[in-house]
Structures are given as structure tokens and as C-alpha cells.
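Notes for the one structure printed next.
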Amino acid sequence: MTRRSRRARLPRPRKPGDLTEWIAAGFIAFAALWAAFHAAQAAIEVIFSHWYIGVPTGMGVAGAIAAWWWWKAAAARRRSARLRDLRLTLADLDAMSYTAFEWAVHDLMLRDGIDARHVGRRGDKAADVIGHDRRGYRIVVQCKHTTTGKKVGASVIYTVNGTAGPTHNADVAVVVTNGSFTRGAREQAADYRIHLFGREELHRWAAGGTSVQELLKLTTPLRPWRRLRHTSMRLIRSSATPRSKTFGGNRRR
């Protein structure tokens with residue numbers, strides 16, 4: 001594993017603090033929407049009144065979208081090809097820092113053809129890697145690295161259950177550790193339908209080359225309406241509205 005440089009991050013915009021700031025923010029948002037609406041209306045009028053402008057414009061937009069999807073698919077294939085032979089032993093993983101462990105999980109997902117991105121940082125809301133499978137599944141992974149053999153407890157499962165679906169819009173939630181899980185954690189994970197990767201699963205995945213899709217038993221395509229929802233969510237980058245207190249449906253009785 002090569003060491004990755006930390007990317008500089010722009011400061012996040014803060015929420016308005018008082019009523020005056022909320023009013024100002026609302027006015028700015030309204031002005032921006034008004035300007036965008038009139039600009040779009042003017043552009044549509046020009047396009048439909050001058051077909052020789054509209055046709056090339058439409059073809060150009062369609063071509064740009066097709067080129068973007070092609071470039072994205074080609075980039076994913078190149079990444080997967082570079083990492084096709086990636087193997088990591090448990091000793092390799094044990095010697096890593098927690099950040100390097102997160103990136104190792106990220107690279108293993110790329111190896112398996114998953115469009116993965118590393119999101120782990122302070123305030124990540126129990127998600128370190130988020131990936132999209134070719135079948136349409138959105139996989140959210142929480143990584144727990146240990147150098148002392150400490151077991152992952154039920155509190156981690158509770159946290160993942162509360163954020164995987166409502167916050168990250170996950171279809172599949174996974175907790176990965178180079179250690180092990182307490183009995184309570186395993187019981188809660190079974191109730192909440194959260195997948196657990198301990199040392200045995202991690203060895204099969206990282207060293208043995210078994211794909212994460214095989215370990216998770218993702219053999220059937222995701223339902224079309226879920227795929228459409230994920231696509232729209234990725235395009236507009238909006239937050240999912242909390243739907244249920246239990247990830248993956250009703251809790252088992």
C-alpha cells in the first residue's frame with residue numbers, strides 16, 4: 001500500500017446563526033433561483049425558435065453525457081485492472097494505521113469492481129467507505145482497526161444502524177475489523193441485518209481474493225426504482241430523509 005497524501009479540504013459552509021442570517025440566506029436563495037429560472041427560460045426560447053441552434057446543442061449535450069459515462073466506466077476498469085492482483089495478509093492489515101486500514105478497504109472494493117470513495121474523517125457519521133456495485137447496490141462500510149485485539153461492541157452496531165439507511169441511503173451496511181466482535185454486537189447485527197467482517201472474512205477477502213460481492217451474497221440486481229433513486233441522489237448530492245429507525249427494514253422478532 002502506498003501512502004496517500006491528505007487532500008486539502010475547503011471549509012464547510014456554516015448554517016445561519018440567527019433570524020437575520022436566515023432571512024438573508026433565504027433572499028439570496030430566492031434571487032439565485034429567480035435568475036436561474038429566467039436564464040433557463042430564455043435559453044429554451046432561443047433553442048426552440050432557432051432549430052439550427054437547438055439541434056446541435058442537444059446533440060452536444062447528449063454527446064457530453066455519453067462521453068462522461070464512458071470516461072467514468074473506463075476509469076473504473078483501469079482502477080480495477082491495476083488492483084486486480086491486490087492481496088493483503090492479516091499481518092499487513094494489523095500493521096496499518098486506522099487511516100491506512102480505511103484506504104485498504106477502499107482499494108479492495110475497487111479491486112472487486114465497485115465504484116468506491118473514501119469518506120472517513122471526523123464527523124463521518126459511521127461511514128468510512130461508500131461504494132456502488134455494478135448491480136446497483138449502495139454499500140456503506142464502517143472500518144474499525146485495532147492494534148490491541150479489542151472487540152467491536154454493540155454500540156458500534158447501534159450507530160451504524162442509525163446512520164446507514166437514513167443518512168447514507170445504504171442498501172447494504174458492513175462493519176469491517178481486523179479484530180473481532182462481541183456477542184452483543186453479533187446479535188444486534190443479525191437483528192438489524194448489518195454484515196460483519198471479522199478476521200476470518202477479512203482474510204478471505206483481502207488475502208484469499210474472494211470478492212466482497214460474494215461475501216455479501218449480492219447475486220441479484222437491485223430493483224430498478226432503487227437504482228433510479230441512487231442515480232438521482234448521486235447527481236443532485238442531496239441528503240436522504242430519515243425513513244426508519246431500523247436499517248434494512250423492520251427489526252426481527
Under 4.5 Å between side-chain heavy atoms, counting indirect links through other Ile/Leu/Val/Met/Phe/Trp/Tyr residues: same cluster for V61 and W68 or not?
yes
Might you point out which heavy atoms bring H106 and A116 nearest each other, and give the distance in Å?
NE2-O, 3.3 Å
Go through it in stages, so that I can follow the logic: the residues are Y137 and I114, the test is side-chain contact (heavy atoms from CB on, under 4.5 Å), and I'd like the CA-CA distance, side-chain angles, deciding distance and then a yes or no.
CA-CA 10 Å; Y137 290 93; I114 294 176; over 6 Å; no
Look up atom NZ in K151 and atom OG1 in T146, then write down how far apart they are to the nearest 0.5 Å.
12.0 Å
D92 side chain to T89 main-chain N or O, any donor-acceptor pair under 3.5 Å?
yes
Chi angles and distances behind the side-chain contact (heavy atoms from CB on, under 4.5 Å) call for V175, T177:
CA-CA 7 Å; V175 180; T177 181; 5.6 Å; no
Can you check whether C143's main-chain N or O pairs, donor with acceptor, with D128's side chain at less than 3.5 Å?
yes
Give the intermediate values and the outcome of salt bridge (Lys or Arg N to Asp or Glu O under 4.0 Å) for residues R204 and E200.
CA-CA 6 Å; R204 290 176 58 197; E200 180 181 349; 5.4 Å; no
Could I get the full list of side chain to side chain donor-acceptor pair (under 3.5 Å) partners for E201, not counting sequence neighbours?
none
T163 (side chain) donor-acceptor with K125 (main chain) under 3.5 angstrom:
yes
Heavy-atom side-chain contact between W205 and V105 under 4.5 Å:
yes
Looking at R138 and G136, would you say the former's side chain and the latter's main chain have a donor-acceptor pair under 3.5 Å?
no
Closest non-hydrogen atom pair between L93 and A104, with its separation:
CD2-CB, 4.1 Å
Is it true that a side-chain atom of H168 and a backbone atom of V140 form a donor plus acceptor pair closer than 3.5 Å?
no
Pairwise distance CG(L218) to CD(Q213) - rounded to 0.5 angstrom
6.5 Å
If you apply the rule side-chain contact (heavy atoms from CB on, under 4.5 Å), what do you find for R121 with E102, and how did you get there?
CA-CA 10 Å; R121 57 182 178 273; E102 293 174 3; over 6 Å; no
Partners meeting side chain to side chain donor-acceptor pair (under 3.5 Å) with R199 (sequence neighbours left out)
D94
Locate the shortest heavy-atom distance separating Y98 from H145; write the atom from each residue and the value.
CA-CB, 3.9 Å
Which atoms form the tightest heavy-atom contact between V152 and A185, and what is the distance?
O-CB, 3.4 Å
Tell me whether D112 contacts the main-chain N or O of V212 through its side chain, where contact means a donor paired with an acceptor under 3.5 Å.
yes
Derivation and outcome, side-chain contact (heavy atoms from CB on, under 4.5 Å), residues L216 and F197
CA-CA 10 Å; L216 295 174; F197 283 13; 3.8 Å; yes
Quick check: closest heavy atoms across A164 and A173, and the distance to 0.1 Å?
CB-CB, 3.7 Å
Please name the pair of heavy atoms, one in Y192 and one in I157, separated by the smallest distance, quoted to 0.1 Å.
CD1-CG2, 4.1 Å
Working to the nearest 0.5 angstrom, can you tell me the gap between L202 CG and L90 CG?
6.0 Å
Parallel under 30°, tilted from 30 to 60°, perpendicular over 60°: which one fits the rings of H118 and W103?
parallel
Beyond-backbone contact of N161 with Q188, side-chain heavy atoms, under 4.5 angstrom:
no
NE2 (H203) and CG (L88) are apart, to the nearest 0.5 Å, by 12.0 Å
How long is the straight-line distance from CD of Q142 back to CG of L196, given to the nearest 0.5 Å?
12.0 Å
Find the distance between CG (D133) and CG (D171) and round it off to the nearest 0.5 Å.
10.0 Å
